[in-house]
Amino acid sequence: KVIFLDSTQGFPYNAHDVEPNEYRHVPGEKYVQKISECLDTVDTKYCTVVCDDDFLVKDSVNECTTFLDNNEHYAACRGQEVALFDNFFSVETLDYLVDHKTPLYSTVAKDRVFRMWSVFNNVGGNPHNIMRTETYKEILDFHSANDQFNTINIYDKTFSFVLAALGNIAVLPL
């Protein structure tokens, strides 16, 4: 199921345009608030957030959920990111290879957070990983209780650190 959250101030889209999925017009809501409210209605084991300029590959999503099913110590995973521009694709192969070859695995939460801290500028943010829904809810609960971490400049970082505290993060060859 896909839930479209439309934050535009203007006239909302016709909800029938996204059927059989769901459309919600949420102008003026803060990012964490609207994602939290949306997540409260999600009843699947896994979820992700996809921004309006991103896309997912269905086979890769299936492989990520299968990986998470088979690896209970992992809270999230992703494959290689690809950006689609007007005239070309951008594939950040070097960053992906670094991420893939240096996994963020440890049985100790403090070690995972420290590792995330040391590689964040290479690895980047994790809000768009495929992750366990309960894990995502815990991360948003943290951000709801700590509004000072919700600014655009640090949200991706605090999201990634809390995610690392909650479980391992895999970068798969996808």
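- Contact detail for Met116 and Ala164: the closest heavy-atom pair is CB-CB, 4.0 Å.
- In terms of heavy-atom proximity, Asp6 sits nearest to Thr8 at OD1-OG1, 2.7 Å.
- Proximity of a side-chain donor or acceptor of Thr133 to a complementary backbone N or O of Thr44 within less than 3.5 Å is detected.
- Under the ring pair (Phe, Tyr, Trp, His ring centres under 6.0 Å) criterion, Phe4 pairs with no residue at all, not counting sequence neighbours.
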Steps toward side-chain contact (heavy atoms from CB on, under 4.5 Å) verdict (Asn150, Lys30): CA-CA 9 Å; Asn150 294 339; Lys30 292 181 179 180; over 6 Å; no
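- When all heavy atoms of Cys47 and Leu39 are compared, the closest pair comes out as SG-CD1, 3.7 Å.
- One finds the CG atom of Asn14 at 4.5 Å from the CG atom of Asp17 (value rounded to the nearest 0.5 Å).
- If you take CZ on Phe114 and OG on Ser106, they are separated by 12.0 Å, rounding to the nearest 0.5 Å.
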side-chain contact (heavy atoms from CB on, under 4.5 Å) between Cys77 and Leu68, intermediate numbers included: CA-CA 8 Å; Cys77 65; Leu68 291 171; 3.9 Å; yes
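- Contact detail for Leu140 and Ser36: the closest heavy-atom pair is CB-OG, 3.4 Å.
- Under the 4.5 Å side-chain criterion, counting only non-hydrogen atoms from C-beta, Arg112 is in contact with Asn168.
- Inter-residue side-chain proximity for Ile35 and Leu5 is flagged as met; some heavy-atom pair is nearer than 4.5 Å.
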CA sep, side-chain torsions, deciding dist, call: Lys45, Asp69, salt bridge (Lys or Arg N to Asp or Glu O under 4.0 Å): CA-CA 9 Å; Lys45 190 174 181 180; Asp69 278 341; 3.2 Å; yes
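- Legend: residues meeting side-chain contact (heavy atoms from CB on, under 4.5 Å) with Glu29, ordered by chain and number and at least two apart, are Val26, Gln33, Lys34, Glu37.
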Stepwise ring-ring contact (aromatic ring centres under 6.0 Å, His included) test for Phe161 and Phe142: CA-CA 11 Å; Phe161 300 146; Phe142 168 84; over 10 Å; no
Worked check of side-chain contact (heavy atoms from CB on, under 4.5 Å) between Thr158 and Gln148: CA-CA 10 Å; Thr158 55; Gln148 69 272 25; over 6 Å; no
side-chain contact (heavy atoms from CB on, under 4.5 Å) between Phe67 and Leu172, intermediate numbers included: CA-CA 9 Å; Phe67 176 87; Leu172 304 179; 3.8 Å; yes
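- Pairs engaging residues 164-173 under the salt bridge (charged side-chain N to carboxylate O under 4.0 Å, His left out) rule: none recorded [sequence neighbours left out].
- By the 4.5 Å heavy-atom criterion applied to side chains, Lys58 and Ser60 are not counted as neighbours.
- Thr48 has its side chain out of reach of Tyr136: every pair of non-hydrogen atoms, C-beta onward, lies at least 4.5 Å apart.
- Residues Val2 and Val18 have side chains not in contact (no heavy-atom distance under 4.5 Å, counting atoms from C-beta outward).
- Put simply, the side chain of Val171 reaches to within 4.5 Å of the side chain of Arg78, judged on heavy atoms.
- Judged as a side-chain contact (heavy atoms from CB on, under 4.5 Å), and not counting sequence neighbours, the contacts of Lys1 are Ile3, Glu22.
- Residues that satisfy the ring pair (Phe, Tyr, Trp, His ring centres under 6.0 Å) test with His143, not counting sequence neighbours, are Tyr155.
- The structure places CH2 of Trp117 at 15.5 Å from NZ of Lys110, a figure rounded to the nearest 0.5 Å.
- A 6.0 Å sphere centred on CD of Glu72 holds no more than 12 heavy atoms belonging to other residues, nucleotides or ligands.
- Judged by distance alone, the side chains of Thr41 and Arg24 do bring a donor and an acceptor atom under 3.5 Å apart.
- Residues that satisfy the side-chain contact (heavy atoms from CB on, under 4.5 Å) test with Thr135, not counting sequence neighbours, are Ala75, Arg132, Ile139, Leu163, Leu166.
- At a threshold of 4.5 Å between non-hydrogen side-chain atoms, the residues Tyr46 and Asn129 do not count as touching.
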